[in-house]
Amino acid sequence: MSSPEQWTRPEPGAGPAATAAQPSPEQVIAGLRATAEGGTELTQLLTPEGERLPSSRFDPYLDDVDDEALRNLYRDMVLVRRADRESNAMQRQGQLGIWVPLLGQEAAQIGSGRALKPQDMAFPSYREHGVAYTRGVDFKELLGIFRCTDHSEWDFAGHGIHPYTIVIGNQVLNAAGYAMGQRFEGKVGDDDNAEATICYFGDGATSQGDVHEGFVWASVYDAPLVFFCQNNQWAISEPTERQSRLPLYQRARGYGFPGIRVDGNDVLGCLAVTRWALEECRRGNGPVLIEAFTYRMDAHTTTDDPTRYRLSDELEVWKHKDPIERVRVHLARTGAAEQEFFDEVDAEADRFAAELREYCFAMPDPPPERIFSEVYADPSPVLDAQREEYLAYLGGFADGGER
Amino acid sequence: MSSPEQWTRPEPGAGPAATAAQPSPEQVIAGLRATAEGGTELTQLLTPEGERLPSSRFDPYLDDVDDEALRNLYRDMVLVRRADRESNAMQRQGQLGIWVPLLGQEAAQIGSGRALKPQDMAFPSYREHGVAYTRGVDFKELLGIFRCTDHSEWDFAGHGIHPYTIVIGNQVLNAAGYAMGQRFEGKVGDDDNAEATICYFGDGATSQGDVHEGFVWASVYDAPLVFFCQNNQWAISEPTERQSRLPLYQRARGYGFPGIRVDGNDVLGCLAVTRWALEECRRGNGPVLIEAFTYRMDAHTTTDDPTRYRLSDELEVWKHKDPIERVRVHLARTGAAEQEFFDEVDAEADRFAAELREYCFAMPDPPPERIFSEVYADPSPVLDAQREEYLAYLGGFADGGER
Amino acid sequence: MAAPVQSPVRTETEIQKLTIGKALNLGLRAAMEADDKVLMMGEDIGRLGGVFRITDGLQKDFGEHRVLDTPLAESGIIGTAVGLAVRGFRPVCEIQFEGFIFPGFDQIVSQLAKLHYRTQGRITVPVVIRVPFGGGIGAVEHHSESPESLFAHVPGLKVVSCSNPVDAYWMIQQAISCDDPVLFFEPKKLYHSGALKQPVDTTSTPDPLFASRSLRSGTAATLVTYGPSVKVCLDAATAAAEEGTELEVIDLRSLSPLDLGPVFESVRRTGRLVAVSEAQSESSVTAEIAARVQQECFYSLEAPVQRVTGFDTPYPPAKLEEHFLPDLDRVLHAVDNALAW
Amino acid sequence: MAAPVQSPVRTETEIQKLTIGKALNLGLRAAMEADDKVLMMGEDIGRLGGVFRITDGLQKDFGEHRVLDTPLAESGIIGTAVGLAVRGFRPVCEIQFEGFIFPGFDQIVSQLAKLHYRTQGRITVPVVIRVPFGGGIGAVEHHSESPESLFAHVPGLKVVSCSNPVDAYWMIQQAISCDDPVLFFEPKKLYHSGALKQPVDTTSTPDPLFASRSLRSGTAATLVTYGPSVKVCLDAATAAAEEGTELEVIDLRSLSPLDLGPVFESVRRTGRLVAVSEAQSESSVTAEIAARVQQECFYSLEAPVQRVTGFDTPYPPAKLEEHFLPDLDRVLHAVDNALAW
Ligand SMILES: Cc1ncc(C[n+]2csc(CCOP(=O)(O)OP(=O)(O)O)c2C)c(N)n1
Ligand SMILES: Cc1ncc(C[n+]2csc(CCOP(=O)(O)OP(=O)(O)O)c2C)c(N)n1
Ligand SMILES: [Mg+2]
Ligand SMILES: [Mg+2]
């Protein structure tokens, strides 16, 4: 497989020089302000300093979150970050064609993912490794997409998480349809088995027509659907200002359903707000839009070079808001965890990453027949003939011909 | 040309029977309420009873509307209604393939159209005959579209009105681009030549992704664009409730630009509100969304049969809100016009319609070469060959062959 | 593999003379009766019964949750249908006119066509998209086009078209019970044609969905076509027969996968082929037919494969459509060319 | 008729060795310098210079109102470009990867392709849509496709593809000065290929935009192709020559309108044609070529036109793309088949 470097970056010296403008000081300040502050309407239950803020509205949704539960959330975030970093490194070593880092978005993904019940369904975009993890998908199962051996093949119905989607925003309509189906089947209501759907997309995606149509459909059909927008401030090189004049959660106001902005780096905030939103949906008051205000700490993907369009100052500001660090501080300060616990989690993360690494290096290439398999559920004679012809042609090489 | 009756309606007795459900009494009442009341936020300057309501916000935009101007608006509406009815009748007589009636929407179209300055640009949908008229397009020039001899051929730049668009909502993005161009050319500002664009679409169109993207683009680029949504309560057979939970003007709230609902049957309200909105845009404060709350008094098109999906009660309620009648009452009551004036206008309308009729009956069919003309601006040899071959083939028949 | 279509148990007369439109209506009804996961979705398909009345009466009898008057947006219709299919439903979408399918193109190409492949069969998306297509109805722009070749080019989709009431009745049911996404092109100008009425035996066993069918045998040349042009070709064959030229006529029925076996077989006998379609010719289904026939019947062809199609222009104003659409004369002219080679 | 492209007055060295990517970059720059109505629009094309860096430096030098980082929606990009063109601008849209063009399909088919025809020439829409296309880059889904046939089927659009730096430099400028909408397909895997670097003389007079070009003459058989497969075919011809078989290679350059004159001429000499493309074969440009060649060169063909294309499946996971993409071996295999006929 050719390295993606080759196509998004010219050979050294060969391609166009990096002549992108450096931002002006005013732009830097404006950028910092715009991306670093969530605004007064930001829901936050755990501050960057690890302080737990009470909330009469959302605390009831954290009733069951005791010290152990909080330690588990911490552990979840450490594990997925570690697996994310390992995958990123493996891409650099040529083991993956590309990697899409979630660094910085652990709280948004673990918090919202852990809010789901087994019967709920999640529709991810392509960065939701943390969500997939909370749905019980083995991290290893994600690698095929990025090693380019498959396009998503886990047990979608079993885990309650749909395949990754790369075309920006178009999974939102699929999620709306799925949630309509939950309602049509009578799965919305007061009993414990009531269901809901959550759909993930980014700040950039909000501009797509399909996301709008998803808002229209879900609202008109009262679908039990939580729109979960991870506003990580950037759509590749474009800041959120290129997509909207207003904070994105306010988009919901035009459709007549609630929109709320939560600190996307606050795992408790994300857990509580998403639980609330899912509960609303399960009871028939959907849809709900959540904007998780967070930050993409790494490049867009391993082929991206963020130094061309944003300054490290911004990154530095966001480092102080790290989603994991604040939980660690809180756990330590409240005595809910000792150093031993943190060490154990780190060790576990190392094992987790090592296993992932080992698995990845041993991943086999798919056989050529895979090209032709499952194009259709019912067979197509035309395609069958193409397969036979190609395999016979390949066989010709095996029987002594060279290739 | 085959009659459209043939394709949207089966031959009598041949096709499926009309078994559509009759609405329940509750539905009737709910429907009447929903469609008949504009709500408290409705801007109205002339009541159905012909009473002029003062408005500190909008009266300044009517400073120049004296008795004569009001008589002219009345005359405009009478003429386009008469031409609309005549065209509808000509369709019944087989002179047009289809007609799209504007009946009931005269005030929305004349009011908004007369608010435009010559340098402004209008992007219509397919029902904007009144707008086209205010832009100086001869009503006759509209007939070709419906007689199926052309697809819109007036002088678009000269009149400042773009071709009709039939694909729901997709002209909204074209209008946004055009308005961006006005801004890029520096035509937005305080001087008298400042420009704006207005784009027309229906209630149903608001569901389309393109309309949303138009909102995003126009707001992000501060385009001088007035979105003019004629909410005539119906998208063919679907009431507005199938498209939105909220009044449509509130859609703008999610994007960060003003949205306003005006009585679409009040020509003064439409004139003033559109002037305000255009002024905002010309000064750089665009975009603006106007929802003109009106009613489609006739069928969707001449091929439609509204008795299958709505009750005449609704129509009766709206008859009391007729856009022309209220101006007539007002003119008469305030003494701004005598009976003589009304008679004159009626006579003029008769002449207008007679001319239209005469013109229509004499419209020639386009020649077969038209099929091949202006597919491209620069010639295409492949197509040229096709044309030559077909014309030679046709010539063969002319030279004695039969066809 | 999908369950075979079962004839519904019906108490009324089994054999009725039906138009294509009515046959589709009854076919949809039978599919809804047979499987309560079958849903109808589209604009104006409920109370109005669709602008062509093909879904007439269905909402009344099956309710608003099985016959959905959707918001006005085609990407929304198709995109939510995909989601409903993932949930286990079998949605049947109506696109009001073929010219309005394009806002839904991304959902069709990027989701509908690929989900099964992407997931290696873990997810099936049995969505049918019904598309009234073709010209000859004297309509305004976007209401008379033939975009089927675009979908035939996209792997993962199946594309079919019916041309008579019996096929209309069965093919729509077979499409609905097929586990693959099917684009179902309906010849709108023939919907209510009394002349095409046929007795439809709802108890018989239908032909397979993806098979072409010879409608008339002949020796001089072969005509291959589908949808609204089938009637044109049959009429041309009748006219030619009066002058002693026997033309074979094959109705493709399936445009993807193409079932060209019967065409090859016929061309090997007749040596001449004319492919007829209202669609523009460039990179189209008729081009594919010519490409494959010249490959498979190279030595049998006595003349190049001729194509009679719409011109490579946008659909013209309808006053000119009689020139644009393949008609009996143009078909016979092409036959003459082939015979004169 | 568009004004002919003028060589820009440049003070720096006239002849540089350039990659395709750099040639496009300079071509775009030259077009922007020549006409201040030329705008660039797309995702990440400004500060980042595009994910392939093709617009690198342009926003810095021409400003944010001429190089627009747009909101993330392709229908929006194309739809506003149409409006800007109506206003008198000449927008050049970048679609980040070909797989993302589909949300903009309706704007392309219903507005861009038809406005000129609809208005009988009163409105021109000189919009260029740049589409990096094709596979072989080891990418995830939707990043390696070849959808050009879909656009070749749509009347009103012109579709071209470049395969080398000289063409890249000139064709992009010619496309921008063409008054018709042009879909400009760029072979992304070759963007930064050092091996393909060529000296580009920015003062020379380019060939016409819509003309195909013979790149190598031969007698045994003809290869016809475009875009990324041109290199494959040239390599195949080199390999065949080593074994004494001389293959002619024709670069189509324009896919709509097709300029098949040189192909007919060549086939009349060689008697054999192999059409090569990464795109799926069903109802594609290669099908159109086969259909027209069998029509025009019926008596010259000594073997059926062969097609070497991507299979009729979605683009597979990239670990398998070497099998999916036509390569030297498959091209030579097809040549052997044609020769053995
Ligand atoms: C329809 C479409 N257009 C363009 C792209 C290329 N692309 C991939 S990710 C991306 C930015 C997405 O930004 P956002 O929605 O904020 O999500 P994030 O990557 O930040 O999580 C773009 C433009 C795509 N995948 N799909
Ligand atoms: C994309 C698209 N889908 C469907 C249609 C068919 N159609 C024509 S008008 C119409 C209803 C439009 O309703 P609305 O936007 O409220 O405008 P109105 O006709 O009431 O003025 C429909 C569905 C179309 N023209 N375009
Ligand atoms: Mg983002
Ligand atoms: Mg309406």
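Taking Gly156(D), Ala152(D), Cys297(D), Ala290(D) one by one and counting their heavy-atom pairs under 4.5 Å with chain C, the maximum is reached by Ala152(D). No other option in Glu296(D), Glu141(D), Gln107(D) has as many heavy-atom pairs under 4.5 Å with chain C as Glu141(D). Taking Pro147(D), Pro317(D), Ala113(D), Pro314(D) one by one and counting their heavy-atom pairs under 4.5 Å with chain C, the maximum is reached by Pro314(D). Chain D forms more heavy-atom pairs under 4.5 Å with one residue of Gly99(C), Ala275(C), Ser110(C), Ser75(C) than with any other, namely Ser110(C). By number of non-hydrogen pairs under 4.5 angstrom with chain C, the leading residue of Ser281(D), Ala303(D), Ala279(D) is Ala303(D). Ranked by heavy-atom pairs under 4.5 Å with chain C, the list Val305(D), Leu301(D), Val293(D), Thr313(D) is led by Val305(D). The candidate from Val154(C), Thr286(C), Val109(C), Leu255(C) with the greatest count of non-hydrogen atom pairs under 4.5 Å with chain D is Val109(C). Of all the listed residues (Gln306(D), Arg118(D), His142(D)), the one sharing the greatest number of non-hydrogen pairs under 4.5 Å with chain C is Arg118(D).
Looking at Phe311(D), neither its backbone nor its side chain comes within 4.5 Å of chain C, counting heavy atoms on both sides. In this structure, chain D has no heavy atom under 4.5 Å from any part of Phe100(C). Heavy atoms of Phe151(D) lying under 4.5 Å from chain C are absent altogether. Heavy-atom distances place the backbone of Glu302(D), and not its side chain, under 4.5 Å from chain C. Using a 4.5 Å cut-off between heavy atoms, Glu74(D) makes no contact with chain C at all.
Side-chain atoms of Arg307(D) and Arg292(C), non-hydrogen and from C-beta on, do get closer than 4.5 Å to each other. Within the 4.5 Å cutoff, side-chain heavy atoms of Pro316(C) are placed close to those of Tyr117(D).
For residues 143-155 of chain D, the salt bridge (Lys or Arg N to Asp or Glu O under 4.0 Å) pairs, not counting sequence neighbours, are Lys114(C)-Glu145(D).
Listed here is the closest heavy atom pair of Pro155(C) and Gln280(D): CG-NE2, 3.6 Å. In plain terms, the two heavy atoms of His153(D) and Ser284(C) that are nearest each other are CE1-CB, 3.7 Å.
With respect to Glu282(D), the side chain to side chain contact (heavy atoms under 4.5 Å, CB included) criterion is satisfied by exactly one of Ser149(C), Pro257(C), Ser256(C): Ser256(C).
Of residues 331-341 of chain D, those residues with a non-hydrogen atom less than 4.5 Å from any non-hydrogen atom of chain C are, in numerical order, Trp341(D).
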